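Side chains included, hydrogens not; waters and symmetry mates left out as well; all remaining heavy atoms used. The shown structure was predicted, so the numbers you read here are calculated from the model rather than taken from an experiment.
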Amino acid sequence: MASPSYRAPPTTNRFIADRQNINTDGGTQFNNSVFNGPVAFSRPPELGHNAVRAKQRIAFLQALQQHGLRDYERRKDINRTPTPGTCLWFKNHKHFKTWLHSSGPSLLWVSADPGCGKSVLAKHLIDSSVLKKPDDDRTTLSYFFFKDTFDQQDVVHALCCILFQIYDQRPDLITERLLQRFEVNKRLLRPSFDTIWPIFKDLVYNKDAGQVVCVLDGVDECHEQQLPQFIDRLREIYDSGTSSAKLKVMLLSRPYERIRANLIGHIPVIHLSGESEAEMEQISDEIDHVIKARVKEFVQRKKFLPDSPEARQAESLVLERILAVPNRTYLWAHLTLEMLNDTAFAEGDDLVVKITKVTSKLPQTVDDAYERILANISRPKAAKTLLHLVVTATRPLSLREIYTALQFTPKHDVEEGFARDSPFSDVRLSDREIQHYIRECCSLFVVVVGQKDYLLHQTAKEFLVGKPRIWPIVGRAKSTWKSSILDQKSHSLFARVCVDSLRSISPAHPFLLGVEGLSDARLPAQRENSAPALLEYAAMNWGYHLRQSPKKIQKRMVEDALQLCDVDSVLFGKWFGIFWAQTGTDLPANLRVELVTAMLGLKYAMSQFVKEDGVSLAMYQDDTYRRSALSWAVIFGHHDVVNVLVSSFSRTNLIGRRRVDASWPCFSRDISHQTPIFHAILNGHLGIARKLIDAGAIIDDEDNIGGTPLLYAMLKRQMELVDLLKEKGVATTGKSGGQAPEGLLLSAARQGNPAIVPLLLDVIKDPEKITNPKGESPLRISLSRRHHQVVQILVASRKAIAYQEDVELAAEVVGSPLMDQLLLITPPEIGISELALWLATENQDSRVLISLLSRKGLLSDYLTW
């Protein structure tokens with residue numbers, strides 16, 4: 001029996017006439033070829049597809065981990081494990097039981113004052129089998145501990161961290177559509193709430209996801225601007241009552257009004273301080289239970305004979321003194337007992353007499369305990385420097401990083417013995433020695449978990465950094481440590497440390513091999529070997545710490561900053577690649593020091609450029625994105641630099657002037673024809689957007705796909721800005737009709753702009769019905785122009801319909817993994833043409849051919865032949 005043959009249709013067909021010389025996969029073209037029987041390939045196509053998918057999954061998880069917290073588990077474990085026999089009253093609370101056993105979406109708010117055990121409770125619930133049974137493979141448990149630090153107070157970081165945990169437990173939930181969305185969004189400057197929340201929402205509504213449990217501790221410590229939006233979106237899921245969203249969220253926070261106003265009346269609340277006398281008594285009993293267990297441990301550590309009269313007397317005495325203090329909390333009990341544990345007992349001391357003495361004046365509050373801990377340290381100057389660094393760091397520092405940072409602090413800020421001997425000697429301290437030094441300097445205030453430094457508790461930071469009182473409290477001794485860490489001073493110290501450590505790195509360091517011409521450094525050569533330990537942190541954060549420093553420090557360090565921003569220097573090569581890697585985008589080509597200064601938000605350096613030549617400054621652009629200093633400052637959200645530039649351009653009449661040619665790039669279009677006002681809206685910097693509007697920025701302009709500031713503000717749900725634009729006279733329809741989302745979707749397909757397509761699909765009612773005057777849909781336009789990312793979004797959205805010509809185009813230009821999905825949106829009545837089969841054979845794509853033959857009903861015959 002003869003084998004089936006598929007011959008090309010006549011070349012008069014417009015597809016063949018236009019495209020017969022195109023081969024998207026780099027294979028050999030066979031004009032008028034005949035395909036006979038199976039095609040042999042060097043490797044099975046399924047294996048290649050699986051390998052690609054596995055690689056994409058890994059890249060996706062790595063991206064979530066990068067934008068979340070790599071050490072999220074360690075951040076949880078800095079909290080203590082509760083004493084056995086505690087947390088029982090909470091687990092028996094009716095609100096908790098209702099939340100735990102609910103089958104649909106449910107929220108629970110757990111509130112308490114500082115030091116009442118919220119984080120310890122959260123850790124216990126996560127680590128125990130309360131929220132997820134060991135044999136339960138249908139429930140995914142995730143968590144995030146918010147803290148008042150740069151990397152732990154961002155809702156986007158929290159969502160990325162939660163998504164990473166869920167997908168890491170359930171990789172089968174990483175769908176093709178999700179990977180396609182990731183491919184589109186991974187090149188954004190940084191993930192935003194608008195790009196991450198839809199992924200989270202799709203996950204919890206996925207019927208295959210099972211039960212999703214999220215524990216969010218310290219919600220009150222996340223960004224104030226982000227909190228209302230986050231809670232509103234959670235409430236939308238909860239209020240919808242949709243049984244398909246099996247999401248349970250537990251929020252733990254202080255009982256702040258801004259949280260209470262958004263939650264009360266919508267979800268159940270448990271107060272850890274107790275809502276009734278019975279609950280308060282249960283909580284008090286649990287705190288006393290903890291105290292009794294810890295006191296017994298204390299007595300055993302002091303080498304009393306077990307059950308001896310002296311041991312019982314000492315235990316009774318300590319308990320009596322501690323339980324006599326009113327309003328006891330878990331944190332107060334922990335601090336007080338740790339202070340007792342640190343008390344030195346000399347050989348021959350009468351232990352009972354000694355305990356009587358040290359417990360005669362116990363601290364009455366948490367602040368009293370903090371003050372006493374720090375009052376007893378032996379190296380107060382070194383402790384203050386250490387605390388400046390730990391409190392101000394944007395993330396927990398490793399032992400090696402904190403050691404290196406101390407080496408670069410000015411001499412007068414560190415105790416003489418450490419500053420002079422250790423940093424400038426040839427002795428390299430081990431991690432254990434560094435940890436011992438930290439403990440010696442800061443006692444209980446800084447704890448080391450997993451080789452990283454953490455403050456003991458959020459209240460410790462509030463104690464140190466809180467605003468000083470103008471008038472002392474009557475009857476209370478003056479505090480030496482409370483409010484002793486001034487925020488701006490800490491930032492100026494860290495800015496100096498970061499800049500000096502970057503300047504000291506030798507060109508022989510592996511990061512700089514092959515680079516010639518190191519700029520002169522004023523720092524001692526002895527420190528350059530240790531500087532690489534701080535390289536990543538310094539590269540990522542020196543600009544931030546400088547921006548937060550006092551004005552006089554910012555002005556004083558302008559020259560240092562400009563040396564680091566000099567794109568022709570070796571210093572620039574040390575840090576900028578690390579800094580830019582966090583954006584996930586291509587490095588801009590042909591940068592200038594002025595553009596880098598704008599990216600970092602260095603106000604006084606920019607002011608210097610403006611004074612020298614403001615007009616020329618307005619004209620500088622990079623070669624990759626064609627963005628001006630103003631555009632870069634807007635994208636990164638640097639209000640102060642935007643104000644400097646806007647004021648300068650306003651004086652030279654550059655802001656309000658309409659763009660005629662490329663001589664006005666201060667507000668001119670970049671490679672996407674977007675001006676700074678577009679970037680302000682798309683990046684969510686509403687204050688900057690208002691500033692630009694007030695300065696006269698063009699607000700009725702269109703980008704390369706016909707989008708306008710008004711439309712993007714509407715798509716981003718920035719209703720205050722929408723109202724402002726309308727008040728300024730912006731019409732609801734654009735000059736070219738591009739204001740309508742339908743027209744914008746066609747333009748996005750034509751221009752290949754994937755970033756805006758998901759926003760448009762969310763607001764257009766029937767995107768599959770949209771066509772241009774030629775009858776071409778967005779799918780067909782993007783297929784014919786080979787905008788693969790747009791095609792992936794449209795296909796994955798299931799909001800497009802593929803017809804015969806679309807399948808033919810896909811067979812010619814789209815890679816094999818997408819054809820199966822394209823056929824899913826192809827109506828059953830649409831047949832597979834001979835042309836599509838021929839194109840698949842010409843491209844030697846067996847996976848596409850098998851998909852098409854299967855749809856046509858010929859696969860079994862083909863395999864038989």
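- A salt bridge links D431 with R400: the distance from a Lys NZ or Arg NE/NH1/NH2 to an Asp or Glu carboxylate oxygen falls below 4.0 Å.
- Between the side chain of S501 and the main chain of C498, a donor-acceptor pair closer than 3.5 Å is present.
- Note that K384 lies in the cation-pi zone of W481, set by a 6.0 Å cut-off to the ring centre and a 45° limit from the axis.
- In plain terms, the two heavy atoms of P396 and R75 that are nearest each other are CD-NH2, 3.0 Å.
- Without hydrogens or angle criteria, Q435 side chain to L399 main chain gives no donor-acceptor distance under 3.5 Å.
- No donor-acceptor distance shorter than 3.5 angstrom exists from the side chain of D168 to the backbone of F164, with no hydrogens or angles considered.
- A donor-acceptor pair under 3.5 Å is formed between the side chain of S102 and the backbone N or O of W99.
- No side-chain heavy atom of F144 sits under 4.5 Å from any side-chain heavy atom of Y72.
- For the residue pair T365 and W332, no side-chain donor N or O sits within less than 3.5 Å of a side-chain acceptor on the partner.
- A salt bridge links D71 to K452: at least one charged side-chain nitrogen sits closer than 4.0 Å to a carboxylate oxygen.
- The side-chain heavy atoms of K118 and Q458, taken from C-beta on, include no pair separated by under 4.5 Å.
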side-chain contact (heavy atoms from CB on, under 4.5 Å) for Q165 and T140? Distances and angles first, verdict last. CA-CA 8 Å; Q165 295 171 65; T140 54; over 6 Å; no
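- Salt bridge status for E401 with R395: present, with a side-chain N to carboxylate O gap under 4.0 Å.
- Of the listed residues (L323, V290, V318), just one forms a side chain to side chain contact (heavy atoms under 4.5 Å, CB included) with V295, and that residue is V318.
- At a threshold of 4.5 Å between non-hydrogen side-chain atoms, the residues K482 and D367 count as touching.
- Using a 4.5 Å cut-off on side-chain heavy atoms (C-beta onward), L444 and R439 make contact.
- Of the possible donor and acceptor atoms, none in the side chain of R254 sits under 3.5 Å from a partner among the backbone N and O of D220.
- Checked by atom type and distance alone, the side chain of T392 never pairs as donor or acceptor with a backbone atom of L389 at under 3.5 Å.
- K123 approaches T81 most closely through the heavy-atom pair NZ-OG1, 3.2 Å.
- With salt bridges taken as basic N to acidic carboxylate O contacts below 4.0 Å, one links E440 and R379.
- Salt bridge absent: K133 and D136 never bring a charged side-chain N and a carboxylate O closer than 4.0 Å.
- Using cut-offs of 30° and 60° on the angle between ring planes, the pair H93 and H95 is tilted.
- Between K76 and D217 there is no salt bridge, since none of the side-chain N atoms of the basic residue sits less than 4.0 Å from a carboxylate O of the acidic one.
- Between F445 and F463 there is a side-chain heavy-atom pair separated by less than 4.5 Å.
- For the residue pair D154 and Q226, a side-chain donor N or O sits within less than 3.5 Å of a side-chain acceptor on the partner.
- A donor atom on one side chain and an acceptor atom on the other are found under 3.5 Å apart for T459 and Y370.
- Taking a cutoff of 4.0 Å between a charged side-chain nitrogen and a carboxylate oxygen, K292 and D288 do not qualify as a salt bridge.
- Across every non-hydrogen atom of A393 and Y537, the tightest pair is CA-OH, 3.3 Å.
- Look at K147 and E462 and you find no salt bridge, because none of the NZ, NE, NH1 or NH2 atoms lies under 4.0 Å from a carboxylate O.
- A donor-acceptor contact shorter than 3.5 Å is absent between the side chain of H545 and the backbone of A538.
- Looking only at side-chain heavy atoms (C-beta outward), L387 and C442 come within less than 4.5 Å of each other.
- Checked by atom type, the side-chain pair Q211/R138 shows no donor-acceptor distance below 3.5 Å.
- A donor-acceptor contact under 3.5 angstrom links the side chains of K91 and H124, judged on distance only.
- Residues Y544 and H491 have side chains in contact (heavy-atom distance under 4.5 Å, counting atoms from C-beta outward).
- When side chains are defined from C-beta on, R294 counts as touching E297, because their heavy atoms get closer than 4.5 Å.
- Put simply, the side chain of D453 never gets that close to the backbone of V448: no donor and acceptor are under 3.5 Å apart.
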